[in-house]
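To start, the structure under review is shown below, and the notes come after it.
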Amino acid sequence: MSKTSKETFYISTPIYYVNDIPHIGHAYTTIIADALARFNRLRGKDVFFLTGTDEHGQKIEKAAAEKGVTPLALANTVVGRIKDLWKALNISNDFFIRTIEPFHEKGVQKIFLRLKEKGDIYKGTYQGWYCVSDENFLAEDVPLQPEGDKICPDCGKRALLVSEECYFFRLSAYQEPLLKFYSENPGFVRPPGRMNEVVSFVRQGLKDLSITRTTVKWGIPVPDDPKHTIYVWFDALHNYLTGAGYDWDLKKFERFWPADIHLIGKDILRFHAIFWPAFLMAAGFPLPHTVYGHGWWLKDEAKMSKSKGNVLDPHVILKTFGPDPLRYFLLREIPIGVDGNFSHEGFLHRVNSDLANDLGNLVHRTLTMILGYQKGVVEAGDDEQENDRAIREGFEALKGRVSELFEDYALSKALEEIWAYINAVNKYLADNEPWKLAQDGTKKQRLARILYQSAAAIRGISYLIYPVMPGSAQKIWNLLGETKAVAEEPYEGCRFENLRTGTKIQRPSPLFPRVALKDFLQEEVPSSAAPKKEERMDIINFDEFKRMDLRVGEILKAEKVPGTDKLLKIEVNLGTEKRTMVAGVGDVYTPEEMVGKKLIVIVNLKPAVIRGIESQAMLLAAETGGKAIIPFFDRDVPAGAKVK
Ligand code: MSP
């Protein structure tokens with residue numbers, strides 16, 4: 001019954017509740033899954049990417065009642081919104097499962113009966129604290145009051161101790177088999193820290209699980225005993241079987257089961273890493289290969305939730321930027337195992353710096369030069385010199401590395417490496433100064449070679465970013481004269497020299513619009529600069545240091561800020577863009593003497609408005625006796641070069 005072929009790849013997202021519309025946190029899980037699905041398709045795998053909705057249970061019943069609609073009507077509306085969002089985000093799922101569909105309900109009932117016959121499901125009595133007002137059993141960890149009863153944490157009313165007939169799943173019998181399975185399959189739960197969490201939880205002992213309710217109507221009826229409905233988690237987890245064809249498309253099911261990866265948020269780890277494998281063991285199915293618990297996106301350091309009022313609606317960003325900048329940001333900003341704090345400044349900085357500057361400019365200037373100097377036709381030019389070879393070989397090495405990192409779910413690192421290559425190509429252009437070669441009629445062949453290397457590198461880059469930014473990748477691909485879809489080129493076959501000479505390229509328009517923070521937020525940027533830190537500093541690791549984007553800046557203009565003693569407004573050239581900054585150095589330096597000097601600036605610091613001027617970068621200086629002394633470069637370095 002289990003698949004033997006390594007050619008398939010089955011990836012799932014959790015199925016989303018339909019009590020409310022999805023936010024950026026939900027989009028995150030789906031975007032990770034989409035990037036992995038697309039990557040595996042490029043690798044030539046037969047991919048099955050499943051997502052869908054979790055539509056039964058009390059949560060939905062209650063939300064519908066509050067809105068005065070039926071649960072089905074609410075579910076239909078929210079499902080529509082979820083599907084629209086996935087479309088707007090360019091999600092390429094192969095199937096969308098809804099748990100209200102008959103094939104799913106039948107599949108769950110069949111498994112329920114199988115476990116009942118086997119004795120792993122039995123009827124018993126559940127005793128617990130019941131909130132009549134909420135029609136809900138309180139969680140076991142709600143503390144006892146001094147009077148010996150419990151208060152409902154949701155509505156504050158006194159709960160009643162009641163006994164209810166229900167069916168139990170014999171989870172206690174699976175404690176040892178689970179522990180054995182974890183020790184034989186240490187990669188089952190990832191990242192590894194989460195595996196430790198699961199193992200220590202199971203070691204503490206597992207109690208049998210109540211898996212039916214008589215108080216919930218909106219659920220799958222227990223076969224032969226319909227006054228009970230099946231508990232929503234028992235119902236929902238089985239979507240991974242029924243969605244893949246269990247009991248209605250057995251050919252498909254045999255091809256894809258067991259899943260390669262169930263991608264989930266860390267909040268639902270126990271359900272997936274403990275209950276789910278126990279259910280599967282009981283029913284005799286092979287177990288999934290990996291359960292990956294990703295971190296949360298926080299807003300203002302708290303998990304997004306409607307009750308906290310801190311949810312971010314992805315549509316706001318999608319309207320201005322389209323899907324790719326958001327996809328890129330979410331996958332690039334944090335490794336998928338850890339939490340990240342979402343800020344609009346952080347988002348905008350990444351988009352402006354990595355997408356508009358680094359990638360956008362590389363594409364724009366390379367293609368513009370091919371159009372301007374070679375009538376838009378790709379030529380091979382001279383033989384490769386050493387630095388040209390480094391660009392070609394750099395791509396081949398990068399391709400191997402990106403593949404390893406994707407296999408390891410290290411998407412952020414893969415993007416980091418792709419961007420290091422983008423910047424190497426930018427540097428190659430800056431070092432070789434093709435715009436100067438174009439002035440010299442004898443250097444045409446050399447010029448053509450440099451432009452070929454850059455364009456071939458761009459073709460390769462667009463291929464590698466395809467899983468994360470499919471739309472932009474395809475756009476760049478088409479600019480380079482390709483007519484087929486990126487995804488038609490197999491990973492192994494994507495070579496640097498696939499850029500054919502004689503190809504006619506298209507005129508580029510900006511790929512990633514630059515948006516100013518104030519237009520994006522439509523509110524004031526904080527007007528005070530960061531307060532000064534105490535002298536004693538914490539030890540930081542290299543990764544933290546690397547988060548600072550330090551660049552060589554060349555001062556183009558400097559002038560006094562009127563009405564201040566020492567503030568200068570400075571315009572600085574960063575190689576690919578100009579920025580304005582305000583610095584308190586006018587008591588040491590005159591504006592005239594600063595022009596033409598090169599210095600170090602940090603370019604990814606949150607902008608600050610100083611005296612009404614937005615300072616978009618900060619220069620580095622030594623402070624002594626209240627004066628700022630700037631370390632200028634004593635050798636020539638190109639503006640924009642990275643300082644590290
Ligand atoms: N219906 C269950 C899953 C059943 S799977 C058999 C559920 N649904 S959910 O809609 O509440 O959440 C779905 C996923 O979104 C979870 O993986 C959850 O971790 C993720 N996220 C919800 N908010 C999130 C963030 N703020 N950040 C990242 N992911 C978060 O749970």
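Just follow the structure's listing: the first ligand is 1, and inside any ligand the first atom is 1. Numbering of residues begins at 1 and proceeds along the displayed sequence.
Residues meeting the side chain to side chain contact (heavy atoms under 4.5 Å, CB included) test with Lys106, sequence neighbours left out: none.
Asp324 and Ser472 are linked by a side-chain donor-acceptor pair at a separation below 3.5 angstrom, with hydrogens and angles left out of the test.
To the nearest 0.5 angstrom, Leu72 atom CG is 4.5 Å from Trp218 atom CH2. Here Tyr231 contributes atom OH and His56 contributes atom NE2; the two are 15.0 Å apart, rounded to the nearest 0.5 Å. For the atom pair CG of Asp247 and CZ of Phe103, the computed distance is 11.0 Å after rounding to the nearest 0.5 Å.
Screening Asp54, Val79, Thr30 against Tyr16 for a side-chain contact (heavy atoms from CB on, under 4.5 Å) leaves a single residue, Thr30.
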Are any protein N/O atoms closer than 3.5 Å to the N/O atoms of ligand 1? If there are, list each pair with names and the distance to one decimal place.
{"from": "ligand 1", "atom 1": "1 (N)", "to": "Ile15", "atom 2": "O", "distance (Å)": "2.8"}
{"from": "ligand 1", "atom 1": "1 (N)", "to": "Asp54", "atom 2": "OD2", "distance (Å)": "2.7"}
{"from": "ligand 1", "atom 1": "10 (O)", "to": "Tyr17", "atom 2": "N", "distance (Å)": "3.2"}
{"from": "ligand 1", "atom 1": "17 (O)", "to": "Gly265", "atom 2": "N", "distance (Å)": "2.8"}
{"from": "ligand 1", "atom 1": "19 (O)", "to": "Asp267", "atom 2": "OD1", "distance (Å)": "2.5"}
{"from": "ligand 1", "atom 1": "19 (O)", "to": "Asp267", "atom 2": "OD2", "distance (Å)": "3.4"}
{"from": "ligand 1", "atom 1": "26 (N)", "to": "Trp297", "atom 2": "O", "distance (Å)": "3.0"}
{"from": "ligand 1", "atom 1": "27 (N)", "to": "Trp297", "atom 2": "N", "distance (Å)": "2.9"}
{"from": "ligand 1", "atom 1": "29 (N)", "to": "Gly25", "atom 2": "O", "distance (Å)": "3.2"}

